[in-house]
2 protein chains.
Amino acid sequence: MTTHEHICVSIVPLFNHLNSPDQKRIKDRVISKKYDKGEVIFSPDSDDQLTIVSRGSLKIYRLSENGKERFLRIAKPGDYDGESSLFGVTNDNMFAEALEKTEVCFLRQSDFQDLLKEYPDLSLKLLTMNAQKSAQTEIQTQLLWMEKIEQRLAFYLSNLSYELDLEVFELPMQMKDIASYLGTSPETLSRELKRLERAQIITRTRRHIQILDMDRLEKIIEN
Amino acid sequence: MTTHEHICVSIVPLFNHLNSPDQKRIKDRVISKKYDKGEVIFSPDSDDQLTIVSRGSLKIYRLSENGKERFLRIAKPGDYDGESSLFGVTNDNMFAEALEKTEVCFLRQSDFQDLLKEYPDLSLKLLTMNAQKSAQTEIQTQLLWMEKIEQRLAFYLSNLSYELDLEVFELPMQMKDIASYLGTSPETLSRELKRLERAQIITRTRRHIQILDMDRLEKIIEN
DNA sequence: CGGATTATTGAGTAGCCTCAAGATACGTGG
DNA sequence: CCACGTATCTTGAGGCTACTCAATAATCCG
């Protein structure tokens, strides 16, 4: 079954700007694998390789010193990870787990290095994508700098609304994962959401959120 | 005075691997400036440009929502910043300030873009340096995930010691900056240091630190 | 040497975590 | 498709960490 490898290379922003013969050369070096929900795609023990999501989604997280799961982000089709190990940075303690049936492509470190030399444009593309990725990381770091959980939640909701360009939306993950992402406990998250509801800043039914008063929500961010 | 521009390009890891004629071409596009202690080198209002430190040092920081200064890192000769704006990521709220008499080189965004196309090796070098830089960011993010300040401090000291390969060293910045870097207040930092001293894990005289018991220090990190 | 910044120490308080128990939702198999 | 078991979410109570404010001590720097 080489068809999956084809899909992978042609789908992914990192490669899809190349012409067909060039894509073909890359396909030859790529390995495609399928995972079921809950399976671990990579861990610190895994070999260093570039991991690209072609279908489904991954949860990327770390385990903190005391063993707690620290949610980092969700990787969707086209997203990748593991490129930093190419450049001498060890993947200290990153984990990836399938959130659903997911298809992933792997590219060996050395193969990837060869490709970068062969296709200089690839470097530029990678630089661009890295910049975007670190902008994402940036947002999470900004979250952590906020000492009050109320602020973090307001920032998170405001960001979601901005990205989706909607004032009504569904939370993209479970409360416990959002809590982990915000660096807090599910209990506190639950309470803070209640507080925003009581203050008539949002309404919520399960994961369904409506922002009633964006102005006040953004005032909370500024403390 | 074009001599400074020469120094800048030949000193900096990003360019110093190029041969002389190539370096010459870059020199022509580079602008060098000197700053005194306390002067602001760039702010969110500045034009997007690559900023390279050739002499002295910069303090890179953000202002948080509530107006507090959030220390990010010190940039030493050879370090650079502002490359992400090249790739569509806006430099939302980064500031740089000279910590001493400092010399800095600027390279316009468009010029840099041209250079990257002319010298593909530059992209690879930049990818490598970016990876190192994000490893640094990584360490700070790891810090912020630790909820106890005691843990953060232990991690910070342990890291310093590891990087310097010494158990006796000088803290590289003022207490207030360390506090900001660790995401805490100077008061708490002072108290936590005292605590480590009383527990005979470290000794301290001013900025001079000696680690007495690395084992216990690292146990603190794990909570 | 003297003014200004930075560091320490103390006291009081607010926010958030933990633990525990109950309620709700999810998903799996009969 | 419904029922049951399990995981997730909510709500409450209590305790502790680290923040703020304030005052003194120590340092830096011209």
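Given the structure is predicted, the values throughout are model-derived calculations rather than measurements. Proteins get letters first, then strands, A, B, ... in listed order; numbering begins at 1 in each. In what follows, every heavy atom counts, from backbone to side chain, and hydrogens, waters and symmetry copies are set aside.
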Can you check whether A:Thr188 has a side-chain N or O nearer than 4.0 Å to OP1 or OP2 of C:dC17?
yes
Can you check side chain to side chain contact (heavy atoms under 4.5 Å, CB included) on B:Lys101 and B:Lys34, steps first, answer last?
CA-CA 7 Å; B:Lys101 275 191 185 292; B:Lys34 288 183 178 181; over 6 Å; no
Tell me: CG of B:Asp177 to C1' of D:dC28, nearest whole Å?
14 Å
Winner on side-chain proximity to B:Thr184, out of C:dA20, D:dA18, C:dC16, is D:dA18
Heavy atoms only, 4.0 Å cut-off, all strands: where does B:Lys37 land among base, sugar-phosphate and nothing?
sugar-phosphate
Separation of B:Glu69 atom CD from C:dT5 atom C1', in whole Å?
14 Å
Answer yes or no: does a side-chain N or O of A:Ser190 lie under 4.0 Å from OP1 or OP2 of D:dC9?
no
Exercise: do A:Glu218 and A:Ser158 side chains pair donor with acceptor under 3.5 Å:
yes
Taking any heavy-atom pair under 4.0 Å as a contact, classify B:Gln151: base, sugar-phosphate, or nothing.
nothing
Separation of D:dC28 C1' from B:Leu171 CG (nearest whole Å)
17 Å
How far does CZ of A:Arg198 sit from CZ of A:Arg191, to the nearest 0.5 angstrom?
10.5 Å
Measure from CG on B:Leu182 to P on C:dA7 and round the result to the nearest Å.
13 Å
Which nucleotide in D:dC9, C:dC16, D:dT17 has an atom nearest any side-chain atom of B:Lys148:
D:dT17
Given atom CE of A:Met173 and atom C1' of C:dA25, what is their separation to the nearest angstrom?
19 Å
Out of C:dT8, C:dC19, D:dT8, which has the shortest distance to the side chain of B:Pro186?
C:dT8
Closest-nucleotide mapping onto DNA chain D: is A:Lys194 or B:Glu150 further toward the 5' terminus? I mean the 5' end.
A:Lys194
Ignoring hydrogens and geometry beyond distance, is the side chain of B:Glu187 in donor-acceptor contact with the base of D:dC21 at under 3.5 Å?
yes
Here's a test for you: under side-chain hydrogen bond (donor to acceptor under 3.5 Å, both in side chains), which of A:Arg62, A:Lys59, A:Lys176 qualifies with A:Glu69?
A:Lys59
Over how many whole Å does the gap from A:Leu193 atom CG to D:dT10 atom P extend?
7 Å
Hey, are the side chains of A:Phe15 and A:Leu107 touching, using non-hydrogen atoms and a 4.5 Å cut-off?
yes
Starting at CZ of B:Arg207 and ending at C1' of C:dT6, how long is that distance when rounded to a whole Å?
10 Å
Rounded to the nearest angstrom, tell me the gap between atom CD in A:Glu147 and atom P in C:dT13.
20 Å
Look at all strands and tell whether B:Arg191 reaches a base, only sugar-phosphate, or nothing, counting heavy atoms closer than 4.0 Å.
base
NA contact type, B:Arg204, heavy-atom cut-off 4.0 Å: base, sugar-phosphate, or nothing?
sugar-phosphate
Pick the nucleotide of DNA chain C nearest each of A:Leu189 and B:Met175; which residue has the one closer to the 5' end?
B:Met175
Would you say A:Arg195 places a side-chain N or O within less than 4.0 Å of OP1 or OP2 belonging to D:dT11?
no
